Amino acid sequence: MPAAAPPPSAPLSPVATAPVSTSGHAHSAAASGAPERLTLALPKGRILDEVRPLLEAVGLRPEAAFDDPKSRALRFATNLPHVEIIRVRSFDVATFVAFGAAQMGVCGNDVLMEFDYPEIYAPLDLGIGHCRLAVAEPAAEAQGDDPSRWSHVRVATKYPEVTRRHFARRGVQAECIKLNGAMELAPSLGLCQRIVDLVSSGATLKANGLVEIEHIADVTSRLIVNRAAFKTRHPEIQDWINRFTEVVTHAA
């Protein structure tokens, strides 16, 4: 088990590295007299509600606007002067972290599977955001369908890479139509016969006359870290990993 994290109220030790300016050029730590800013990327939507208690437990409290449903802000200060939070689409969390705009983030492994960024290190399963990635088709079609006999499929999905790999493993050619939402409409409007999407309760599939016919992967949200930042700011980021690990372990 990782070393015990400090209590939530304990401040992080300052890291003697240079803060990055908004222009992308570094100033010396001596000149600024402050630790380098740490940016945490969080996903909008359902997962954010599950992440919120974890933030409190590790001692990170966003400014009031973060919980204001009327706020259109995407960037928020926290109770720690050098730590900020950005709130972006779930798919964009991985991109912000991979390219170093954020040093840490919370991201579903569905997104990690789709992008497969080598720049991302995912040290911890947070145990939240449980769902699954699955293939679905109209209930009427599924009654007489045999997936083992497929040779070519047309699929609507926002996970084209995961979908192609899934079908390629058994020699099926997948023609993927990229959609960012409303996947369940595709079969009824004749766009395609099948979809690949996240499934939680299955209620949305049922409401649109679809049934799950293949399981691709179980999905949970992970704590992710930019690999370069993990190397250059190891003590600071490892401390955050330890804090989250301690909270998740106690919650299990």
Side-chain angles (χ1 to χ4, degrees), residues 41-53 69-70 72 74 87-96 105-117 122 125-222 224:
L42 297 180
K44 297 178 180 180
R46 178 177 61 90
I47 302 303
L48 191 60
D49 293 335
E50 296 187 56
V51 169
R52 195 68 174 83
K70 295 181 180 179
R72 294 183 177 272
L74 300 175
R87 187 167 59 196
V88 298
R89 295 189 307 171
S90 58
F91 264 59
D92 292 337
V93 169
T95 302
F96 274 95
V106 172
C107 184
N109 64 303
D110 56 319
V111 177
L112 300 179
M113 290 166 58
E114 178 64 21
F115 288 112
D116 196 23
Y117 284 124
D125 186 339
L126 296 171
I128 60 175
H130 290 274
C131 54
R132 58 194 179 276
L133 197 58
V135 184
E137 69 179 2
E141 301 286 344
Q143 293 178 3
D145 200 5
D146 181 1
S148 67
R149 302 182 64 181
W150 296 348
S151 59
H152 176 275
V153 291
R154 177 183 288 179
V155 184
T157 183
K158 62 178 177 180
Y159 303 96
E161 295 303 321
V162 172
T163 299
R164 290 189 188 99
R165 290 196 301 266
H166 169 72
F167 286 112
R169 280 193 288 269
R170 64 172 195 266
V172 178
Q173 181 182 2
E175 178 186 351
C176 296
I177 301 172
K178 179 72 181 293
L179 292 178
N180 291 318
M183 236 72 60
E184 295 82 5
L185 288 175
S188 64
L189 294 177
L191 185 61
C192 60
Q193 184 177 342
R194 301 173 183 93
I195 68 170
V196 167
D197 201 10
L198 291 180
V199 178
S200 182
S201 67
T204 304
L205 291 181
K206 184 177 181 180
N208 287 277
L210 304 175
V211 293
E212 184 178 344
I213 55 172
E214 285 193 331
H215 174 275
I216 296 179
D218 291 318
V219 174
T220 53
S221 293
R222 315 297 169 94
I224 63 172

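FYI, the numbering just counts along the sequence from 1. Computed over heavy atoms, backbone and side chain alike; hydrogens, waters and symmetry mates excluded. Quantities reported herein were computed from a predicted structural model and do not represent experimental measurements.
Under the rule for a side chain to side chain donor-acceptor pair (under 3.5 Å), His130 has no partner lying at least two apart in sequence or in another chain. Remark: Glu141 pairs with no residue by the salt bridge (charged side-chain N to carboxylate O under 4.0 Å, His left out) rule, at least two apart or across chains.
A salt bridge links Glu214 with Arg170: at least one charged nitrogen is closer than 4.0 Å to a carboxylate oxygen. Salt bridge status for Asp125 with Arg222: present, with a side-chain N to carboxylate O gap under 4.0 Å.
The two residues Gly129 and Glu50 come nearest to each other via the heavy atoms N-OE1, 3.1 Å. Cys107 approaches Leu112 most closely through the heavy-atom pair SG-CD2, 3.9 Å. For the pair Ala94 and Ile224, the tightest heavy-atom approach, listed with the atom from each and the gap, is CA-CD1, 4.2 Å. Nearest heavy atoms, Leu205 versus Glu184: CD2-CG, 4.3 Å. Annotation for Leu191 and Ile177: closest pair O-CD1, 3.6 Å, computed over non-hydrogen atoms. Of all heavy-atom pairs spanning Val211 and Ala142, the tightest one is CG2-CB, 3.5 Å.
Within a 6.0 Å radius of OH in Tyr117, other residues, nucleotides and ligands contribute more than 12 heavy atoms. Applying the 6.0 Å contact sphere to CZ of Arg89 captures no more than 12 heavy atoms from other residues, nucleotides or ligands. Counting non-hydrogen atoms of neighbouring residues, nucleotides and ligands closer than 6.0 angstrom, the CZ atom of Arg149 reaches no more than 12 such neighbours.
Put simply, the side chain of Glu114 gets close to the backbone of Val162: a donor and an acceptor are under 3.5 Å apart. A donor-acceptor distance shorter than 3.5 angstrom exists from the side chain of Arg132 to the backbone of Ser200, with no hydrogens or angles considered. Looking at Asn109, its side chain does come within 3.5 Å of a backbone N or O of Asp218 through a donor-acceptor pair. Put simply, the side chain of Arg165 gets close to the backbone of Met113: a donor and an acceptor are under 3.5 Å apart.
The shortest side-chain heavy-atom distance between Ile128 and Ile47 falls under the 4.5 Å cut-off. Taking the side chain as every heavy atom from C-beta outward, Leu210 and Met183 never approach each other to under 4.5 Å.
The aromatic rings of Tyr159 and Phe91 sit tilted, their planes meeting at an angle between 30° and 60°.
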Full working for side chain to side chain contact (heavy atoms under 4.5 Å, CB included) between Val106 and Val93: CA-CA 7 Å; Val106 172; Val93 169; 5.7 Å; no

